[in-house]
Q: 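Input: one structure, supplied below.
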Number of protein chains: 2
Amino acid sequence: MDDQRLERFFRRLRVRDTLGQAEREALSAVAGQTVYFAPGEMMARYGSSPSKSLLLVQGMAARQNTVESGQQQITAFHIAGDFVDLHSFLLSKLDHDVRAMSAVAAVEFPHDGLRRITEEFPHLTRLLWLSTLLDGAIHRQWLVAMGRLTAIAHMAHLFCEHFVRSDNVGLVEDMSFPFEITQQELADALGLSNVHVNRTLQELRRQDLVSWDTKRVRVIDWKRLQEVGQFDPIFLDVVQTPR
Amino acid sequence: MDDQRLERFFRRLRVRDTLGQAEREALSAVAGQTVYFAPGEMMARYGSSPSKSLLLVQGMAARQNTVESGQQQITAFHIAGDFVDLHSFLLSKLDHDVRAMSAVAAVEFPHDGLRRITEEFPHLTRLLWLSTLLDGAIHRQWLVAMGRLTAIAHMAHLFCEHFVRSDNVGLVEDMSFPFEITQQELADALGLSNVHVNRTLQELRRQDLVSWDTKRVRVIDWKRLQEVGQFDPIFLDVVQTPR
DNA sequence: TCCGTGCACTATCGTATGTTAGTAAAACGG
DNA sequence: CCGTTTTACTAACATACGATAGTGCACGGA
């Protein structure tokens, strides 16, 4: 019997490949408890060695590092249907913190269960591997945007990315997606100051590209937003094909 | 019989786990032709769908993207023993170019052979997966360095990373590692201008931290270089443990 | 040997973004 | 409902880094 909590995750996989009944059941069998986190709460810590990975089913989380100056850098945002730390299954220590941005619900996947999947379900294993490859592809786009795009293009690119990712798991309504974080947190993701994020955001609003009421981002002009952000969705690999 | 061309790759894996005879032979059986590239030559193109992945056995390569202004951003450097595009095994299209930085030799791994490995060798599959996870971990550190470190710290961090990675595959001699790229290419990796890379490099030299004669980077003060770069090798996960 | 090319390196100046320090409004907690 | 805290937003000023436009050296080809 399928685990309903995994529905968005299945959906994200089904956008890119097919998923058999046996595979869905195998994942459901490994899925453990649901755990809850308050906004701002740490879900996993730098240097720790988790024995479980967490699949987000509600809310938003981020991976982040702290540098000596005390500044933070967010390296990834995660939404419902994403594993926040599937890589900890094979990496011996976490190289970042994981923090809840909003109220979060997540399903635990014990690593020994994941290991059994890799022993018995090669295709499903490839799909889990694919999940982490998509994280890597997003990291690369963030690097390109951070290194070579202006602040406004970078922010537009991030909004485009989240629009597509949210759409893939059914979170887009009326051209808007949930984005419940502070401007400071957005600054920590873009590598900017909170002041400059505010300035840049106002420019995006002035150009009638997006609006953001702290709960949801609404895309007003999808075509121009992609142009401003030099956004090419190829890296999200939204292609139904056998893997 | 083991394929000698894979020696550095085996070495990189053995730093993090054990590798059985059957696994080495399975990889050797899948390994195909050696292909050669001249400095600057494209090894794989943005948007293409390779049917093989390339394992570097000689020289240095980079993954890079080009933005509308014509500027380039390098998102990864690869050295002997690294797969440059193992992710193309599961991602349907390449989200970046791969370019040879120096004279390069690489071994082709046809994707159908890799697929057979995932069907028959779960542990070896996890090690290949691990390879791509390490790429991701390096991407994250680049993001942190780019977003929140100064130019000098960022450059120091990159040199530290390459020192450790080179050491893992036996490329360090006399505290120096091969680094045959131009200052412009280094700028494209750091997200800086070539002018500022030159300034920053001179500061690192002035502080007696490194020297670089365009062929090799020599680490003069390893301890202080790590301090300046806020380098913590945890993300490279150099830990011998069953995966 | 000479020329052409690419690269390291420099000087000058410009600007995108950061820092500090605030105000006001909204959200939150008791 | 009120006091407290958090967050958005603004202004003034500072700076790390970028852009442009060079010079000169080293190397490779003919």
Side-chain angles (χ1 to χ4, degrees), chain A residues 38-41 60 62 67-74 99-103 144-158 179-206 210-217 228-229, chain B residues 38-41 60 67-73 99-103 145-158 179-206 210-217 228:
Chain A
E41 197 177 346
M60 195 161 162
V67 297
E68 277 174 18
S69 65
Q71 292 182 102
Q72 320 254 27
Q73 176 66 45
I74 288 174
R99 209 161 57 88
M101 299 279 100
S102 63
V144 173
M146 203 175 247
R148 293 302 188 212
L149 298 188
T150 60
I152 190 167
H154 190 181
M155 192 180 287
H157 194 280
L158 182 72
F179 204 67
E180 215 173 326
I181 68 174
T182 66
Q183 292 189 3
Q184 179 62 60
E185 286 160 345
L186 181 54
D188 289 340
L190 298 174
L192 298 170
S193 66
N194 55 356
V195 174
H196 203 63
V197 160
N198 189 280
R199 289 195 273 247
T200 305
L201 204 45
Q202 287 180 47
E203 181 59 21
L204 281 178
R205 286 198 276 244
R206 199 193 60 72
V210 298
S211 68
W212 182 22
D213 66 359
T214 76
K215 292 264 193 269
R216 301 181 73 89
V217 171
V228 169
Chain B
E41 197 177 346
M60 194 160 163
V67 298
E68 278 173 17
S69 66
Q71 291 182 101
Q72 321 255 27
Q73 177 66 45
R99 210 162 56 88
M101 299 279 101
S102 64
M146 204 175 244
R148 294 302 189 210
L149 297 188
T150 60
I152 190 168
H154 189 180
M155 191 180 288
H157 193 279
L158 181 72
F179 204 67
E180 215 174 324
I181 68 174
T182 65
Q183 291 189 4
Q184 179 61 58
E185 287 160 345
L186 182 53
D188 289 340
L190 299 174
L192 298 170
S193 66
N194 55 356
V195 175
H196 203 63
V197 159
N198 189 281
R199 289 196 271 249
T200 306
L201 204 45
Q202 286 180 50
E203 181 60 21
L204 281 178
R205 285 197 276 244
R206 200 194 59 73
V210 298
S211 67
W212 182 23
D213 66 0
T214 77
K215 292 264 192 271
R216 301 181 72 89
V217 170
V228 169

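Throughout, a chain's letter reflects where its sequence line sits, starting with A, and its residues are numbered from 1.
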Q: Going by salt bridge (charged side-chain N to carboxylate O under 4.0 Å, His left out), name the residues that satisfy it together with Glu203(A), two or more places apart in sequence or in a different chain.
A: Arg206(A)
Q: For the atom pair CD (Gln183(B)) and OG1 (Thr200(B)), what is the distance rounded to the nearest 0.5 Å?
A: 10.0 Å
Q: Go through residues 184-193 of chain B and report each residue with a non-hydrogen atom lying under 4.0 Å from DNA chain D, sorted by number.
A: Gly191(B), Leu192(B), Ser193(B)
Q: Rounding to a whole Å, what distance do you find between Arg199(B):CZ and dT12(C):P?
A: 12 Å
Q: For the residue pair Ala145(B) and His154(B), what are the closest heavy atoms and their distance?
A: CB-CD2, 3.4 Å
Q: Under the side chain to side chain donor-acceptor pair (under 3.5 Å) rule, collect the residues that match up with Arg205(B), sequence neighbours excluded.
A: none
Q: Would you please name every residue forming a side chain to side chain contact (heavy atoms under 4.5 Å, CB included) with Ser69(A), sequence neighbours left out?
A: Val67(A), Gln71(A)
Q: Using only heavy-atom distances, determine whether the side chains of Gln184(A) and Asn194(A) contain a donor-acceptor pair under 3.5 Å.
A: yes
Q: Just to verify, what does Ser102(B) make a side chain to side chain contact (heavy atoms under 4.5 Å, CB included) with, not counting sequence neighbours?
A: Met60(B), Val104(B), Glu180(B)
Q: Which heavy atom of Ala153(B) sits nearest a heavy atom of Val228(B), and at what distance?
A: CB-O, 3.2 Å
Q: Both Ala151(A) and Ile181(B) contact DNA chain C. Taking the nearest nucleotide for each, which residue is further toward the 5' end?
A: Ile181(B)
Q: Any protein N or O atoms within reach of nucleotides 4-7 of chain C? Criterion: under 3.5 Å, listing atom names and distances.
A:
none

Q: Could you tell me how far apart Glu180(A) (CD) and dC28(C) (C1') are, to the nearest whole angstrom?
A: 14 Å
Q: Whole angstroms only, please: what is the NE2-P distance between His196(B) and dC9(C)?
A: 15 Å
Q: Quick one: list whatever passes side chain to side chain donor-acceptor pair (under 3.5 Å) with Gln202(B), sequence neighbours left out.
A: Asn198(B)
Q: If I take atom CG in residue Asn194(A) and atom P in nucleotide dG22(C), what distance separates them, rounded to the nearest angstrom?
A: 16 Å
Q: Please report how far the helix from dT1(C)-dA30(D) to dG30(C)-dC1(D) bends, comparing the axis fitted to its first five pairs with the axis fitted to its last five, to the nearest 10 degrees.
A: 60°
Q: On DNA chain D, reading 5' to 3', which nucleotide is the first and which the last to sit with an atom under 4.0 Å from a heavy atom of chain A, could you check?
A: dT7(D) to dA12(D)
Q: Salt bridge (charged side-chain N to carboxylate O under 4.0 Å, His left out) with Arg216(A): which residues, sequence neighbours excluded?
A: none
Q: Between Phe179(B) and Trp212(B), which heavy-atom pair has the shortest distance, and what is it?
A: O-NE1, 3.0 Å
Q: Reading DNA chain D from 5' onward, which residue's closest nucleotide shows up sooner: Val195(B) or Thr200(B)?
A: Thr200(B)
Q: With a 4.0 Å limit, can you tell me whether Asn198(B) has a side-chain N or O closer than that to the phosphate oxygens OP1/OP2 of dT10(C)?
A: yes
Q: Just to verify, what does Thr182(B) make a side chain to side chain donor-acceptor pair (under 3.5 Å) with, not counting sequence neighbours?
A: Glu185(B)
Q: Could you list the residues that satisfy side chain to side chain donor-acceptor pair (under 3.5 Å) with Thr150(A), not counting sequence neighbours?
A: none
Q: Return the value, rounded to whole Å, for the distance between atom CG of Asp213(B) and atom P of dA8(C).
A: 12 Å
Q: Can you tell if the side chain of Met155(B) reaches within under 4.5 Å of the side chain of Leu186(B), non-hydrogen atoms only?
A: yes
Q: Reading DNA chain D from 5' onward, which residue's closest nucleotide shows up sooner: Leu201(A) or Gly147(A)?
A: Leu201(A)
